Student: 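Okay, handing you the structure first.
All values derive from a computational prediction rather than experimental measurement.
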Amino acid sequence: MTSIPEPAPFDRLKIRVSALVYCEDEVALIRRRRPGSVHYTTIGGNVEAGEALPDALARELREELGLDVARAEGGELVWVVDQRVSRPGPTPPPRKLHLVHRFRVTPEVRAGLATVEYDELPGGGTEEGRIVWVDHRRTADLPVFPPVGPQLARLGPRTAVTDAALPAVTDDNYRWV
């Protein structure tokens, strides 16, 4: 009987859809506390098998932020980030493409959005994340993942995007937290 070899790092490809949701000059991020660190993530998650990208994005915004995309303006793809970063854990890391979109909401819509998000952990249980609204111009030095803080600081709610490809995230320029 031939055994199936273990996948090598980055042999698998995952797609993560996410959104920068603006209310005026503030953008919604998820703040996660881990032992010894705090980091921020964009609202979003992995696309499920067979799921269309727009459906995955709408699902993630509904699950994490309580946002119905029909109540938001925009939705345009602003960035693509190619992630090839080693990480702790028993399985080899996948290569991940982050598709980052931009939406805008009114203060009235924002008032009804979630303030806490619960992420399912691989071994069971959940991790709590706080939805925080940060002035996008103050994100350059924040530990944001994918690491888009400096670009986000320059990207306002209506700033034109001329190049959607951001630098790849690799072990050479990023350390997993």
Student: What closest approach, in Å, do E24 and P157 show between heavy atoms, and which atom pair accounts for it?
Tutor: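 Scanning both residues, the minimum pair turns out to be O-CG, 3.2 Å.
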Student: Atom CD of E60 and atom CD1 of I43: how far apart are they, to the nearest 0.5 Å?
Tutor: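 The CD1 atom of I43 is 9.5 Å from CD of E60, to the nearest 0.5 Å.
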Student: Please report the closest heavy-atom contact between V21 and W133, naming both atoms and the distance.
Tutor: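 That would be O-CZ3, 3.3 Å.
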Student: Salt-bridge test for E117 and R32: reply yes if a basic N is under 4.0 Å from a carboxylate O, no otherwise.
Tutor: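 Looking at R32 together with E117, the answer is yes, because their closest N to O distance falls below 4.0 Å.
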Student: Should H101 and L99 be marked as a side-chain contact (heavy atoms from CB on, under 4.5 Å) after you check the CA-CA gap, both sets of side-chain angles, and the distance that decides it?
Tutor: CA-CA 7 Å; H101 300 77; L99 306 178; 3.9 Å; yes
Student: So, does T139 use its side chain to make a donor-acceptor pair with the main chain of L142 at under 3.5 Å?
Tutor: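 Checked: no pair found.
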Student: Is any side-chain heavy atom of H39 closer than 4.5 Å to a side-chain heavy atom of V144?
Tutor: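 A side-chain contact under 4.5 Å is absent here.
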Student: I'd like to know whether V105 forms a side-chain contact (heavy atoms from CB on, under 4.5 Å) with Y22, so could you lay out the CA-CA distance, the side-chain angles of the two residues, the decisive distance to 0.1 Å, and finally the verdict.
Tutor: CA-CA 6 Å; V105 297; Y22 286 85; over 6 Å; no
Student: How far apart are the closest heavy atoms of L152 and H136, and which atoms are they?
Tutor: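 L152 and H136 have their closest heavy atoms at O-ND1, 3.2 Å.
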Student: Is the count of non-hydrogen atoms from other residues, nucleotides or ligands lying under 6.0 Å from R138 atom CZ greater than 12?
Tutor: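 Result for CZ/R138: open.
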Student: Measure the shortest side-chain to side-chain distance between L155 and V78 over non-hydrogen atoms and say whether it is less than 4.5 angstrom.
Tutor: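 Of all side-chain heavy-atom pairs linking V78 with L155, at least one is under 4.5 Å.
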Student: With distance as the sole test, does E26 use its side chain to make a donor-acceptor pair with the main-chain N or O of V134 at under 3.5 Å?
Tutor: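 Here the side-chain-to-backbone pair does not exist.
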Student: Evaluate salt bridge (charged side-chain N to carboxylate O under 4.0 Å, His left out) for E127 paired with R34, printing each intermediate quantity in order.
Tutor: CA-CA 9 Å; E127 173 184 64; R34 299 237 168 101; 2.7 Å; yes
Student: For the residue pair R102 and V161, what are the closest heavy atoms and their distance?
Tutor: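 Smallest heavy-atom distance, with atoms named: NH2-CG2, 4.3 Å.
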Student: I'd like to know if the side chain of D171 and the backbone of S86 have a donor-acceptor N/O pair within less than 3.5 Å.
Tutor: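 Yes, because the side chain of D171 sits within donor-acceptor range (under 3.5 Å) of the backbone of S86.
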Student: Would you check if Y40 and V132 make a side-chain contact, meaning some heavy-atom pair closer than 4.5 Å?
Tutor: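 They are in contact (side-chain heavy atoms under 4.5 Å apart), so the answer is yes.
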Student: Quick one: does D141's side chain have a donor or acceptor within less than 3.5 Å of a partner on P150's backbone?
Tutor: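 No.
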Student: Under 4.5 Å between side-chain heavy atoms, counting indirect links through other Ile/Leu/Val/Met/Phe/Trp/Tyr residues: same cluster for L29 and V38 or not?
Tutor: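 Looking at the clustering, V38 is in the same group as L29.
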Student: So, taking the atom named CZ in R84 and the one named CG in D172, what distance separates them when rounded to the nearest 0.5 Å?
Tutor: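 If I round to the nearest 0.5 Å, the distance is 9.5 Å.
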Student: Whether the Q83 and H98 side chains hold a donor-acceptor pair (N or O, under 3.5 Å, no angle test) is what I'd like checked.
Tutor: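 A donor-acceptor contact under 3.5 Å links the two side chains.
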Student: Between R158 and E76, is a salt bridge (charged side-chain N to carboxylate O under 4.0 Å, His left out) present by the stated rule, with each step listed?
Tutor: CA-CA 11 Å; R158 298 189 185 281; E76 66 273 13; over 6 Å; no
Student: Taking the side chain as every heavy atom from C-beta outward, state whether P143 and R31 have any pair of such atoms under 4.5 Å apart.
Tutor: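 The answer is no, as the side chains (C-beta and beyond) never meet within the 4.5 Å cut-off.
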Student: Would you tell me whether T42 and R16 have side-chain atoms, one donor and one acceptor, within less than 3.5 Å of each other?
Tutor: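 Yes.
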Student: Given R62 and D68, is the salt bridge (charged side-chain N to carboxylate O under 4.0 Å, His left out) satisfied, shown in steps?
Tutor: CA-CA 6 Å; R62 189 175 51 255; D68 177 348; over 6 Å; no
Student: Would you call R130 and E128 a salt bridge, taking side-chain N to carboxylate O under 4.0 Å as the test?
Tutor: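 So R130 pairs with E128 through a salt bridge.
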Student: Are the side chains of V85 and T170 in contact, using a 4.5 Å heavy-atom criterion?
Tutor: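 When only atoms from C-beta onward are counted, V85 and T170 do not touch, as no gap falls below 4.5 Å.
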Student: Going from CG on L65 to CD1 on I131, what distance comes out if it is rounded to the nearest 0.5 angstrom?
Tutor: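 Atom-to-atom, L65:CG and I131:CD1 are 5.5 Å apart.
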Student: Do C23 and P107 come close enough that some side-chain heavy atom pair is under 4.5 Å?
Tutor: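 Sidechains of P107 and C23: in contact.
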Student: Determine, stepwise, if the pair I15 / K96 fulfils side-chain contact (heavy atoms from CB on, under 4.5 Å).
Tutor: CA-CA 6 Å; I15 298 175; K96 191 176 283 193; over 6 Å; no
Student: With side-chain contact (heavy atoms from CB on, under 4.5 Å) as the criterion, how do F103 and L20 come out once you've worked through the C-alpha distance, each side chain's angles and the decisive distance to 0.1 Å?
Tutor: CA-CA 6 Å; F103 289 88; L20 303 169; over 6 Å; no
Student: Where do L61 and A19 come nearest, in terms of heavy atoms and distance?
Tutor: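 Heavy-atom minimum between the residues: CD2-CB, 3.7 Å.
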Student: Considering all heavy atoms of both residues, which atom of V47 and which atom of A56 are nearest to each other, and what is their separation?
Tutor: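 Closest heavy-atom pair between V47 and A56: CG2-CB, 3.9 Å.
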Student: Are the side chains of L97 and L13 in touch, meaning some heavy atoms are under 4.5 Å apart?
Tutor: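 A side-chain contact exists here, since the closest heavy-atom pair is under 4.5 Å.
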